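None of these values were measured; they are calculated from a predicted model. Counting starts at 1 for both ligands and their atoms, in listed order.
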Amino acid sequence: MTNPRLIELEHLNGLKLKSYCTSLKKITKLSSIKELSETVGAKPRLIVGHGSNIFFLSTRKKPLSSIVLLNQLKGIEKINEKREKVCIRCHAGENWNDFVLWTLKKKIGGLENLVLIPGTVGAAPIQNIGAYGVEVGDRIDSVNVWDFKLKKIIKFTVKDCSFEYRSSIFKKQMLQEGWKKTRYLILSVDFLLWPENKTPLIAHYPGIQEELNGDLSPKKIAEAIKKIRTSKLPDSDQLPNIGSFFQNPRIKASLVEKIKKRFPQMPEFEKTYLSSKVSAAWLIDKTNFKGYKIGDAGVYKKHSLILVNHGHATPNDVLKLAQKIQKTIHNKFGIWLIPEPSIISSFEKTASSLMSPRNQIYIPHN
Ligand SMILES: Cc1cc2nc3c(=O)[nH]c(=O)nc-3n(C[C@H](O)[C@H](O)[C@H](O)COP(=O)(O)OP(=O)(O)OC[C@H]3O[C@@H](n4cnc5c(N)ncnc54)[C@H](O)[C@@H]3O)c2cc1C
């Protein structure tokens, strides 16, 4: 039997890991979706935007056997203006940050806090991207998708999307049924935004006020956040990465109490009667992982939630590093950290061991 054609995915994942698949199709026209869907049929598939939130675990010997669908649908249009709001449709393959800058240029506010987040517009609803007090779900009117099961385009209202912290109906479906059976391909997103002077501004986050000097507008907030993000996050060209590798865990109040006896300074937030969220970055800092390396995979020295590729990291280096962090945090605090990125692996057992939750209450992928 001849070997299948190998396609490199290095340029399609934020960590720039050498990973491989055997079939890749670009989606550039809405009119070709139906035909594409027929070609894909019931075959395993994976949808990729810019790969800035995907950890690929595949090798030359064991490439991904699924069809990789690369979303490149382009276009931005104003749908209407109603009740002091502006409705904009943006197609899924547009660059997210370019779209945010486009809205600001057109004197439209609402997305300024989400400036400089890498990736495509179509991926933004998947994990309900969020930063500096705003989640994209707060700004969405509806999401238009191709449903591979019903074989037609359907509209999800914001309520249908079930947005939660770093989760949505789309992410849950992928995690429940497995990414090979991804049901929804996001085609475009309809945003409900505001004219610049009517925008409710969110600027209470630490660091923003200092940068603003009391001067408030969507553009000024975006400038302040750009400055903060650039100083904190690694330059992806120098140190390839996929942003935060772990989610902030929500843990039971009894466990918080137990940990606080040893570490009274542990920050907790979004506290309820039953549970609190704790900072994954704080937990990793406390176990001295900043700057730690396995092979060429390392924990970024300025931000312990970010795993970086120092040059020639392999998927296995990143996997070992992530597992070592999980085990160490679990031994010290009794908390199992869950990865934030999508883990796309040819080695299914390994991927599920990374994702297996232990003692958290709210498990985003369930
Ligand atoms: C330096 C850095 C900083 C970051 N900062 C933040 C941050 O502040 N807040 C935050 O929330 N995230 C952050 N991220 C994560 C990342 O930017 C987002 O998750 C982004 O939405 C990923 O976009 P993408 O196009 O690269 O998606 P990909 O990585 O290509 O895909 C991510 C997931 O979405 C699915 N997907 C992609 N497109 C579609 C589509 N059209 N239809 C259906 N499924 C699709 C994929 O199958 C995959 O499961 C950061 C990442 C980096 C590298």
Side-chain angles (χ1 to χ4, degrees), residues 9 11-16 27 30 33 45-56 64 66-74 90-100 113-137 143-148 156 161 163 165-175 178-189 205 225-226 228-230 232-245 247-248 300 302-303 305-309 339-345 351 364-365:
L9 294 169
H11 63 292
L12 278 182
N13 74 96
L15 275 162
K16 301 277 177 282
I27 310 169
L30 254 183
I33 299 287
R45 55 188 161 261
L46 162 69
I47 301 157
V48 177
H50 289 167
S52 39
N53 206 28
I54 294 183
F55 171 28
F56 277 120
L64 298 173
S66 322
I67 303 177
V68 175
L69 301 174
L70 196 55
N71 166 28
Q72 296 186 335
L73 294 167
K74 295 287 168 76
C90 186
H91 291 267
E94 289 287 346
N95 176 298
W96 172 262
N97 187 53
D98 289 350
F99 173 56
V100 174
N113 294 51
L114 304 177
V115 70
L116 231 51
I117 297 183
T120 54
V121 168
I126 301 292
Q127 70 147 356
N128 186 18
I129 57 166
Y132 298 93
V134 175
E135 288 183 339
V136 77
V143 177
N144 306 301
V145 308
W146 176 263
D147 184 334
F148 281 101
F156 278 76
C161 294
F163 287 122
Y165 167 68
R166 298 298 180 270
S167 185
S168 65
I169 190 155
F170 312 112
K171 186 159 181 181
K172 283 180 197 155
Q173 186 278 326
M174 251 184 255
L175 288 161
W179 53 267
K180 288 181 185 168
K181 290 188 186 148
T182 298
R183 177 168 172 183
Y184 306 112
L185 161 67
I186 296 182
L187 303 171
S188 61
V189 183
Y205 249 64
I225 292 174
K226 267 195 212 168
I228 302 170
R229 287 185 74 100
T230 324
K232 269 196 192 165
L233 298 174
D235 174 347
S236 298
D237 291 335
Q238 310 280 330
L239 282 176
N241 69 89
I242 43 177
S244 301
F245 200 90
Q247 303 178 33
N248 289 324
Y300 183 47
K302 287 202 224 161
H303 197 317
L305 260 190
I306 300 178
L307 306 191
V308 296
N309 178 355
E340 182 178 303
S342 300
I343 299 173
I344 308 294
S345 173
H365 61 277

Starting from [atom], find the nearest protein heavy-atom neighbour and note its residue, name and distance.
atom                    : answer
atom 47 (O) of ligand 1 : Ile47 O, 2.5 Å
atom 14 (N) of ligand 1 : Ile117 CG2, 4.2 Å
atom 26 (O) of ligand 1 : Ser52 OG, 2.4 Å
atom 33 (C) of ligand 1 : Ser342 OG, 3.6 Å
atom 43 (C) of ligand 1 : Tyr184 O, 3.4 Å
atom 29 (O) of ligand 1 : Asn53 N, 2.7 Å
atom 50 (C) of ligand 1 : Pro118 CD, 3.7 Å
atom 37 (C) of ligand 1 : Ala123 CB, 3.6 Å

Decide whether an N or O pair under 3.5 Å exists between [X] and ligand 1.
X      : value
Thr120 : yes
Ser236 : no
Ile186 : yes
Asn128 : no
Gly49  : yes
Gly243 : no

Given side chains that start at C-beta, do those of [X] and [Y] come closer than 4.5 Å, heavy atoms only?
X      : Y      : result
Val121 : His91  : no
Lys181 : Phe148 : no
Trp96  : Val136 : yes
Leu116 : Ile225 : no
Val143 : Phe170 : yes
Asn241 : Ser236 : yes
Ile47  : Ile126 : no
Asn248 : Tyr165 : yes

Heavy-atom nearest neighbour of atom 1 (C) of ligand 1 within options Val68, Asn241, Ile343: Asn241

Proximity winner for atom 3 (C) of ligand 1, if only heavy atoms of Glu340, His303, Arg229, Gln173 are counted: Arg229

Contacting atoms of ligand 1, where contact means under 4.0 angstrom from a heavy atom of [X]:
X      : answer
Ile242 : 51 (C), 52 (C), 53 (C)
Val48  : 30 (O)
Gln127 : 10 (C), 11 (O), 12 (N), 15 (C), 18 (C), 19 (O)
Ile126 : 34 (O), 35 (C), 36 (N), 43 (C), 44 (N), 45 (C)

For Arg183, does its backbone N or O pair with a side-chain atom of Gln173 as donor and acceptor, under 3.5 Å?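 Answer holds: yes.
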
Any sub-3.5 Å donor-acceptor pair from Glu340's side-chain atoms to Phe245's backbone N or O?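 No; judged by distance alone, with no hydrogens or angles, the pair does not exist.
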
Report the distance from atom CD1 of Ile27 to atom CD1 of Ile33, rounding to the nearest 0.5 Å.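 It is 5.0 Å, given to the nearest 0.5 Å.
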
In this structure, CG of Asn113 is separated from CD of Glu135 (nearest 0.5 Å) by 11.5 Å

Close approach, Arg166 and ligand 1, non-hydrogen under 4.0 angstrom: yes

Heavy atom of Gly130, distance to ligand 1 below 4.0 Å: yes

Under a 3.5 Å cutoff, is there a donor and acceptor pairing between the side chains of Ser168 and Asn128? no

